[in-house]
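Before any comments, here is the structure.
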Amino acid sequence: MTASTTDEFSAWVSIDGVRLPQYGVETTVIKGVKTVSCWIASEVDKMLGGTSTYSANLIPDTATRSAKHVSDTVARPLMFSKTEFTDEDAYMNSNPHNLGEIVVEIWTTEIEPELHTTVHDYSPKEQPTKIHERTKKAISHRATFGDEFATVHRKASTCTDGRRVMNFIFKYRPREYLQAEGIMPLDPKPAARLHKRAASALELSTSEDEETGIQLRNEEVRLRQEELRVQKESLEVQKREARIRKEELRIQAEELKIQLDAVKAKSQRKKAKLESLEAKLQVKTEIIDLT
């Protein structure tokens with residue numbers, strides 16, 4: 001939210017680090033001080049943070065507040081909580097100041113240059129724990145403090161307040177209240193949400209189908225490649241078997257040749273022996289005829 005005339009100052013409220021949308025922004029002057037107000041949606045048990053900036057012809061300056069110190073080394077976070085109502089008369093006139101509002105005041109100041117250890121009165125401002133039910137029933141949430149946590153020991157400069165130059169007022173209510181009052185747009189209708197959800201589901205389904213188709217095609221290619229690999233290995237086995245069979249036939253042929261050569265040699269030796277015997281017999285016969 002930014003000042004509408006000079007645009008020097010801006011401020012916003014965050015929940016869990018996310019800047020909240022602002023509705024019904026108005027600019028007025030209260031007691032001579034420019035005041036910008038708006039509505040924001042509160043959420044129970046969510047951590048709060050407030051930020052303000054100044055950027056007018058100088059180096060931009062930013063201040064952020066998300067906790068309140070209860071000692072030099074301990075702080076409590078800002079957060080929204082449910083308002084507890086009561087009918088006890090003791091709480092009839094005990095409404096906290098600015099209930100339902102977060103107010104940011106911008107003041108001029110003079111800062112001493114020397115840093116020193118902070119000297120501060122940490123005694124808490126007493127706030128009623130309950131709200132009387134006859135007061136502001138619409139305010140079902142309130143800004144309060146969470147559990148304590150450890151923080152660093154702070155040092156600061158002494159400041160002298162000058163004059164207030166700007167106010168920011170963040171009026172917070174539950175989302176349902178703001179929507180019922182027409183301050184905040186309604187959420188999308190159930191049919192529209194259902195249509196959007198169905199479209200998203202269809203898109204997701206289509207995407208999943210495409211991904212499934214790609215996976216199936218990839219698996220088909222992988223199986224085909226595996227089949228070709230098995231066929232190639234089978235052919236290699238058949239070739240090896242053929243080479244082995246050929247080698248076996250060659251060895252058998254050589255063994256048969258050796259056997260044939262041996263038979264042939266034996267036959268030749270027998271033939272030669274017979275021829276020798278025949279020659280001897282012929283000689284003897286010739287000798288006998290001469291006598």
Reported CD-to-CG distance for the pair Gln215 and Asn218, which is rounded to 0.5 angstrom: 8.0 Å
Heavy-atom side-chain contact between Gln225 and Leu228 under 4.5 Å: no
Hphob cluster co-occupancy, Val44 + Tyr177, side-chain heavy atoms under 4.5 angstrom: no
Check: Leu223 and Glu220 side chains under 4.5 Å, non-hydrogen atoms: no
Verdict with reasoning, Leu78 to Phe145, per side chain to side chain contact (heavy atoms under 4.5 Å, CB included): CA-CA 5 Å; Leu78 299 172; Phe145 303 106; 3.2 Å; yes
Close side-chain approach of Phe149 to Val74, heavy-atom, < 4.5 Å: no
Val36 side chain reached by Met166 side chain, heavy atoms, under 4.5 Å: yes
Any residue meeting side-chain hydrogen bond (donor to acceptor under 3.5 Å, both in side chains) with Asp261, in chain and number order, not counting sequence neighbours: Lys257
Point-to-point distance, once rounded to the nearest 0.5 Å, from CD of Gln238 to OG of Ser234: 4.5 Å
Evaluation steps, side chain to side chain contact (heavy atoms under 4.5 Å, CB included), between Phe168 and Ile106: CA-CA 8 Å; Phe168 293 97; Ile106 309 297; 4.1 Å; yes
Residues that, via side-chain heavy atoms closer than 4.5 angstrom, fall in one hydrophobic cluster with Met47: Met79
Donor-acceptor under 3.5 Å (Glu148 side chain, Arg76 main chain): no
Minimum heavy-atom distance Ile15-Lys46, with the two atoms named: CG2-CB, 3.3 Å
Validation row: Phe80, Thr144 side chains within 4.5 angstrom (heavy atoms): no
Non-hydrogen side-chain atoms of Cys38 and Lys171 separated by less than 4.5 Å: no
Pair listing, salt bridge (Lys or Arg N to Asp or Glu O under 4.0 Å) test, anchored in residues 240-249, at least two apart: Arg245-Glu248, Glu247-Arg250
Min side-chain heavy-atom separation Trp39-Arg173 under 4.5 Å: yes
Residues which pass salt bridge (Lys or Arg N to Asp or Glu O under 4.0 Å) with Glu105, listed by chain and number, not counting sequence neighbours: Arg164
Nearest heavy-atom neighbours spanning Gln22 and Ala11: NE2-O, 3.7 Å
Ile169-Val33 co-clustered via ILVMFWY side chain contacts under 4.5 Å: no
Distance (rounded to the nearest 0.5 Å) between Glu226 CD and Gln231 CD: 11.0 Å
Atom of Ala41, atom of Met184 and distance for their closest heavy-atom approach: CB-SD, 4.3 Å
Gap separating the CG atom of Leu178 from the CD1 atom of Ile183, nearest 0.5 angstrom: 5.0 Å
Spatial distance of atom CG (Leu20) from atom CD1 (Ile40) [nearest 0.5 Å]: 5.0 Å
Shortest non-hydrogen contact between Pro77 and Asp147, atoms and distance: CD-O, 2.9 Å
Partner residues of Arg269 under the side-chain hydrogen bond (donor to acceptor under 3.5 Å, both in side chains) criterion, sequence neighbours left out: none
Separation of Leu186 CG from Arg175 CZ (nearest 0.5 Å): 11.0 Å
Arg229 and Glu233: CA distance, side-chain angles, deciding distance, salt bridge (Lys or Arg N to Asp or Glu O under 4.0 Å) verdict: CA-CA 6 Å; Arg229 185 187 66 79; Glu233 289 181 353; 2.4 Å; yes
Nearest heavy atoms of Ser42 and His141, plus distance in Å: OG-ND1, 2.7 Å
Residues that Arg217 engages under salt bridge (Lys or Arg N to Asp or Glu O under 4.0 Å), provided they are two or more places apart: none
From CA spacing to verdict: side chain to side chain contact (heavy atoms under 4.5 Å, CB included), Val13, Tyr172: CA-CA 10 Å; Val13 173; Tyr172 58 85; over 6 Å; no
